[in-house]
Participant: 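First the structure, then my questions, so here it is.
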Amino acid sequence: MKVDAILNAKGREVKTTGPAATLVTVAQRLRMERIGALVVLENGRILGIVSERDIVHAFAADSERAADIEVADVMTRNVISCGPDDSLTRILGLMTRHRIRHLPVVQDGQLQGLISIGDVVKHRLDELEMEAGVLRDSYFAGR
């Protein structure tokens, strides 16, 4: 299965923010949207990604001032991305190796979607369940 299958199932909408947004604003958006990360865009270009983890680290480091800190000060700048044709096995390895939970999907320099580790695991489990069902059916059909 490919990344594109996940996007077809969950949708391609990506929640974004600008680099000047404050962490308190981003934290409220994450809670309201029930998501774990926002892609940081400026003029349609990906500058970074800000996650719950980034916010927690900022609050732990400077709790008095953290609410007013701008996203640009804490976001992950070296964004690892994937393409719609990447396999879920490759994506799981990438996420595990780099210890990341969200991957922007980019094609021809354009943001196409965002997938999470939860999306990948769910679709991979569905895929394994389907394969097991086919094998089970083949086994019983041959008896």
Side-chain angles (χ1 to χ4, degrees), residues 1-140:
M1 188 176 286
K2 306 275 186 197
V3 168
D4 203 45
I6 294 175
L7 295 179
N8 288 338
K10 74 174 261 183
R12 295 173 185 274
E13 180 183 4
V14 180
K15 304 295 183 180
T16 65
T17 189
T22 63
L23 292 189
V24 72
T25 302
V26 169
Q28 289 169 343
R29 278 214 43 220
L30 293 175
R31 184 180 63 79
M32 287 175 38
E33 304 269 0
R34 300 179 62 125
I35 55 176
L38 294 170
V39 175
V40 183
L41 291 181
E42 189 170 64
N43 300 321
R45 199 174 110 245
I46 298 174
L47 297 182
I49 191 165
V50 61
S51 70
E52 296 164 319
R53 182 182 295 166
D54 297 321
I55 295 168
V56 168
H57 285 223
F59 273 85
D62 189 357
S63 61
E64 291 178 21
R65 174 179 105 74
D68 298 322
I69 292 174
E70 291 184 354
V71 166
D73 295 330
V74 299
M75 69 184 183
T76 300
R77 291 178 183 278
N78 296 325
V79 178
I80 297 170
S81 63
C82 65
D85 292 329
D86 287 334
S87 73
L88 298 192
T89 304
R90 179 182 179 282
I91 297 307
L92 281 170
L94 194 62
M95 289 176 146
T96 302
R97 213 171 18 264
H98 294 281
R99 300 186 63 146
I100 54 177
R101 294 178 287 182
H102 300 89
L103 275 180
V105 181
V106 178
Q107 185 174 32
D108 299 325
Q110 297 297 312
L111 183 61
Q112 301 292 312
L114 182 72
I115 59 172
S116 70
I117 188 75
D119 298 328
V120 177
V121 169
K122 177 195 178 305
H123 280 81
R124 184 66 181 124
L125 288 174
D126 290 348
E127 186 178 48
L128 290 171
E129 189 175 310
M130 183 182 70
E131 289 173 9
V134 168
L135 289 173
R136 189 174 32 255
D137 291 348
S138 297
Y139 173 78
F140 286 119

Participant: Do you know the tightest heavy-atom contact between V39 and P104?
Facilitator: CG2-CG, 4.4 Å
Participant: Can you name the nearest heavy-atom pair linking K10 to I115, along with the distance?
Facilitator: NZ-CA, 4.2 Å
Participant: Does L114 reach the side chain of I49, with side-chain heavy atoms less than 4.5 Å apart?
Facilitator: yes
Participant: Give the minimum heavy-atom separation between D54 and V50, together with the two atoms involved.
Facilitator: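 Looks like OD2-CA, 3.4 Å.
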Participant: If you take all heavy atoms of D86 and C82, which pair is closest and at what distance?
Facilitator: OD2-CB, 3.2 Å
Participant: Should I117 and L92 count as side-chain neighbours, where that means a heavy-atom distance under 4.5 Å?
Facilitator: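 Yes, at least one pair of side-chain atoms sits under 4.5 Å.
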Participant: Got a list of side-chain donor-acceptor pairs under 3.5 Å for residues 11-21, not counting sequence neighbours?
Facilitator:
from: R12; atom 1: NH1; to: D4; atom 2: OD1; distance (Å): 3.4
from: R12; atom 1: NH2; to: D4; atom 2: OD1; distance (Å): 2.7
from: R12; atom 1: NH2; to: N8; atom 2: OD1; distance (Å): 2.8
from: E13; atom 1: OE2; to: K15; atom 2: NZ; distance (Å): 2.9
from: K15; atom 1: NZ; to: E33; atom 2: OE1; distance (Å): 3.1

Participant: To the nearest 0.5 Å, tell me how far I6 CD1 sits from K122 NZ.
Facilitator: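 Here the interatomic distance stands at 9.5 Å.
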Participant: Do I46 and V40 make a side-chain contact, defined as non-hydrogen atoms from C-beta onward lying under 4.5 Å apart?
Facilitator: no
Participant: State which residues pass side-chain hydrogen bond (donor to acceptor under 3.5 Å, both in side chains) with R65; sequence neighbours excluded, sorted by chain then number.
Facilitator: D62
Participant: Check whether any side-chain heavy atom of V74 lies under 4.5 Å from a side-chain heavy atom of I55, and answer yes or no.
Facilitator: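 Not touching, per the 4.5 Å side-chain cut-off.
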Participant: In Å, rounded to the nearest 0.5 Å, how long is the span from CG of L7 to NE2 of H123?
Facilitator: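 Output value for this atom pair is 9.0 Å.
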Participant: Rounded at 0.5 Å granularity, tell me how far OG in S81 sits from CD in Q112.
Facilitator: 11.0 Å
Participant: Which heavy-atom pair separates A58 from A66 by the least distance, and what is that distance?
Facilitator: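 Smallest heavy-atom distance, with atoms named: O-CB, 3.9 Å.
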Participant: At their closest point, which heavy atom of L47 faces which heavy atom of M75, and how far apart are they?
Facilitator: O-CE, 3.6 Å
Participant: Taking R77 for its side chain and A72 for its backbone only, find out whether a donor-acceptor pair lies under 3.5 Å.
Facilitator: yes
Participant: Do side-chain atoms of T76 reach the backbone of V79 as a donor and acceptor pair under 3.5 angstrom?
Facilitator: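 Not confirmed, T76 side chain does not pair with V79 backbone.
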Participant: Once you round to the nearest 0.5 Å, how far does CD of E52 lie from NE2 of H102?
Facilitator: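 Answer for the CD-NE2 pair, E52 versus H102, is 6.5 Å.
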Participant: Could you measure the distance from the CD1 atom of I91 to the NZ atom of K2? Nearest 0.5 Å is fine.
Facilitator: 10.0 Å
Participant: Rounded to the nearest 0.5 Å, how far apart are OG1 of T25 and CG of D68?
Facilitator: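 Answer rounded to 0.5 Å: 9.0 Å.
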Participant: Are L23 and D73 close enough, and set up right, to give a side chain to side chain contact (heavy atoms under 4.5 Å, CB included), and what steps lead you there?
Facilitator: CA-CA 10 Å; L23 292 189; D73 295 330; over 6 Å; no
